[in-house]
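Just below is one structure, and these are the notes that go with it.
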There are 2 protein chains.
Amino acid sequence: MTQMTIGRLSKAAGVKVTTIRYYESIDLMGEPDRSSSGQRLYGDEAVQRLSFIRHARDLGFPMEAVREMIDLQTQPDQDCTAVDAIAREQLADVRKRLTQLEALEAELKRMITCCEGGRVDTCRIISTLNDHSECIADAHERLSTF
Amino acid sequence: MTQMTIGRLSKAAGVKVTTIRYYESIDLMGEPDRSSSGQRLYGDEAVQRLSFIRHARDLGFPMEAVREMIDLQTQPDQDCTAVDAIAREQLADVRKRLTQLEALEAELKRMITCCEGGRVDTCRIISTLNDHSECIADAHERLSTF
DNA sequence: CTTGCCTCTATAGTCGCTGTAGACTGTAGG
DNA sequence: CCTACAGTCTACAGCGACTATAGAGGCAAG
Ligand SMILES: [Zn+2]
Ligand SMILES: [Zn+2]
Ligand SMILES: [Zn+2]
Ligand SMILES: [Zn+2]
């Protein structure tokens with residue numbers, strides 16, 4: 001049962017050292033053991049935990065959802081419907097964003113094909129940006145950040 | 001030629017008062033006239049300018065691109081290829097994100113259908129999140145923020 | 001005149017990290 | 001042993017694109 005320093009953990013999990021400490025500070029990672037001189041020492045379960053977090057974050061799960069799923073894992077004998085619900089919510093979110101992005105793509109494409117070169121003051125891209133009312137109604141709303 | 005206060009401009013353009021002041025502070029909006037008591041006074045061109053900014057931002061154009069396009073509008077007799085290039089770049093960006101999101105959607109869908117209910121410790125959603133190596137290789141990378 | 005909303009400036013907070021400074025620790029070579 | 005150098009520690013500042021707050025002053029209607 002060897003313990004590893006934060007640097008080794010960082011490499012093992014593909015998560016930066018500073019980020020690991022940050023996760024600890026926001027209580028996503030529990031407090032690790034410490035060496036006599038105060039350095040953090042981790043076991044293999046820390047790699048697992050970090051992979052879980054990174055994978056979920058890469059899939060776009062919000063921090064809060066990650067936290068909930070981690071909490072749920074501490075009660076392994078419970079029903080997993082809660083996990084399921086979180087994942088479904090995330091899927092719905094991704095789909096919403098897809099729809100939005102598709103509308104954006106359409107409008108950008110239209111803008112670009114409308115511009116046939118020429119001077120800035122007659123450019124269709126500029127004029128479209130100046131006047132949203134020309135747009136397909138509600139084709140795009142303010143974009144949610146992802 | 002009536003001038004309006006920042007509150008009226010805010011309503012006319014659908015941009016919050018604080019955001020207008022913020023845009024001024026980062027030099028996206030020029031300094032407006034002031035009343036004798038120091039209140040900002042705007043003309044109609046400010047509404048236009050704000051609409052332009054909002055529309056571009058809603059379409060996902062980065063701040064820097066918006067700034068460039070505004071600068072280009074000050075030289076209306078120039079060739080609009082620069083505008084075109086910025087829009088094409090933005091389109092490419094949107095398409096990249098679309099691809100990424102589609103991959104995400106696929107993986108989330110797969111995760112969810114794999115889970116057939118049961119206990120947390122055997123849940124396929126959890127186990128998939130714990131072990132990325134099960135994933136379709138490189139199906140998703142760290143998500144760029146939008 | 002008072003009420004109530006508007007505007008002003010300056011500053012801090014948001015999220016999810018990332019980077020820095022300045023001090024200490026651990027290890028390998030000479 | 002000494003010296004280098006890489007790793008680690010804490011604490012705090014910075015990012016982008018706003019948003020919110022505090023505390024002061026302005027303006028029009030009743
Ligand atoms: Zn053009
Ligand atoms: Zn539009
Ligand atoms: Zn499940
Ligand atoms: Zn995956």
Side-chain angles (χ1 to χ4, degrees), chain A residues 2-29 31-42 46 49-50 52-70 90 93 141-146, chain B residues 2-29 31-42 46 49-50 52-70 90 93 141-146:
Chain A
T2 46
Q3 308 239 93
M4 58 189 131
T5 63
I6 198 170
R8 282 182 194 290
L9 173 61
S10 168
K11 270 181 194 134
V15 175
K16 294 197 177 153
V17 169
T18 40
T19 307
I20 297 173
R21 287 197 279 247
Y22 168 69
Y23 286 161
E24 184 186 327
S25 80
I26 61 168
D27 295 319
L28 267 188
M29 303 284 291
E31 296 191 4
D33 293 344
R34 298 275 185 155
S35 73
S36 54
S37 62
Q39 300 198 349
R40 290 169 178 81
L41 293 175
Y42 298 91
R49 166 68 59 97
L50 280 175
F52 182 89
I53 296 173
R54 278 293 8 137
H55 198 180
R57 296 286 299 137
D58 288 354
L59 284 165
F61 282 91
M63 222 60 176
E64 234 358 88
V66 175
R67 197 185 293 277
E68 282 172 40
M69 290 192 291
I70 286 174
Q90 177 57 17
D93 214 65
E141 298 165 14
R142 198 150 307 187
L143 221 47
S144 45
T145 45
F146 202 36
Chain B
T2 46
Q3 309 240 93
M4 58 188 132
T5 62
I6 198 168
R8 283 183 193 289
L9 173 60
S10 167
K11 269 180 194 134
V15 176
K16 294 197 176 149
V17 169
T18 40
T19 308
I20 297 173
R21 287 197 279 248
Y22 169 69
Y23 285 161
E24 184 186 327
S25 79
I26 60 168
D27 295 318
L28 266 187
M29 303 284 293
E31 295 191 5
D33 293 346
R34 297 276 185 155
S35 75
S36 54
S37 62
Q39 300 198 349
R40 290 169 179 82
L41 294 174
Y42 299 91
R49 164 70 60 100
L50 281 175
F52 182 88
I53 296 172
R54 277 295 5 137
H55 197 180
R57 296 284 301 135
D58 289 354
L59 284 166
F61 282 92
M63 221 61 175
E64 234 358 88
V66 176
R67 195 185 293 278
E68 282 171 39
M69 290 192 292
I70 286 174
Q90 178 57 15
D93 215 65
E141 299 166 14
R142 198 152 306 187
L143 222 48
S144 46
T145 45
F146 201 34

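A note on names: the letters A, B, ... follow the listed sequences, proteins ahead of strands, and every chain is numbered from 1.
- For B:Phe52 against B:Val66, the heavy-atom pair with the smallest separation is CE2-O, 4.5 Å.
- When rounded to the nearest whole Å, the span between CD1 of B:Ile20 and C1' of C:dT9 equals 16 Å.
- The side chain to side chain donor-acceptor pair (under 3.5 Å) test applied to A:Ser37 returns A:Ser35, not counting sequence neighbours.
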B:Arg67 and B:Glu64: CA distance, side-chain angles, deciding distance, side chain to side chain contact (heavy atoms under 4.5 Å, CB included) verdict
CA-CA 5 Å; B:Arg67 195 185 293 278; B:Glu64 234 358 88; 3.4 Å; yes
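- Of all heavy-atom pairs between B:Ala56 and B:Met69, the closest is CB-CE, 4.3 Å.
- The side chain of B:Arg40 contributes no N or O atom lying less than 4.0 Å from OP1 or OP2 of C:dT7.
- Comparing B:Ser37 and A:Gln39 by the nucleotide of DNA chain C that holds the closest heavy atom to each, the one mapping nearer the 5' end is B:Ser37.
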Residues 14-24 of chain B, side-chain donor-acceptor partners within the protein, below 3.5 Å, at least two apart:
{"unit_1": "B:Tyr23", "atom_1": "OH", "unit_2": "B:Arg54", "atom_2": "NH1", "d": "3.0"}
{"unit_1": "B:Glu24", "atom_1": "OE1", "unit_2": "B:Arg40", "atom_2": "NE", "d": "2.8"}

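- Regarding B:Leu9, its CG atom lies at a distance of 15 Å from the P atom of C:dC6, rounded to whole Å.
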Does the protein touch nucleotides 15-21 of chain C at the base, only the backbone, or not at all? Give it as B, S and - per nucleotide, heavy atoms under 4.0 Å.
-BBSB--
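- Taking a heavy-atom distance under 4.0 Å as the criterion, the stretch of DNA chain D touched by chain A extends 5' to 3' from D:dT8 to D:dT10.
- Put simply, the side chain of A:Gln90 gets close to the backbone of A:Leu59: a donor and an acceptor are under 3.5 Å apart.
- Every residue was checked against the salt bridge (Lys or Arg N to Asp or Glu O under 4.0 Å) condition with A:Arg49, not counting sequence neighbours, and none meets it.
- Nucleic acid contact class of A:Ser35 (heavy atoms, under 4.0 Å, all strands): none.
- Summary for the helix from C:dC1-D:dG30 to C:dG30-D:dC1: the axes at its two ends, each from 5 pairs, differ by 20° when rounded to the nearest 10 degrees.
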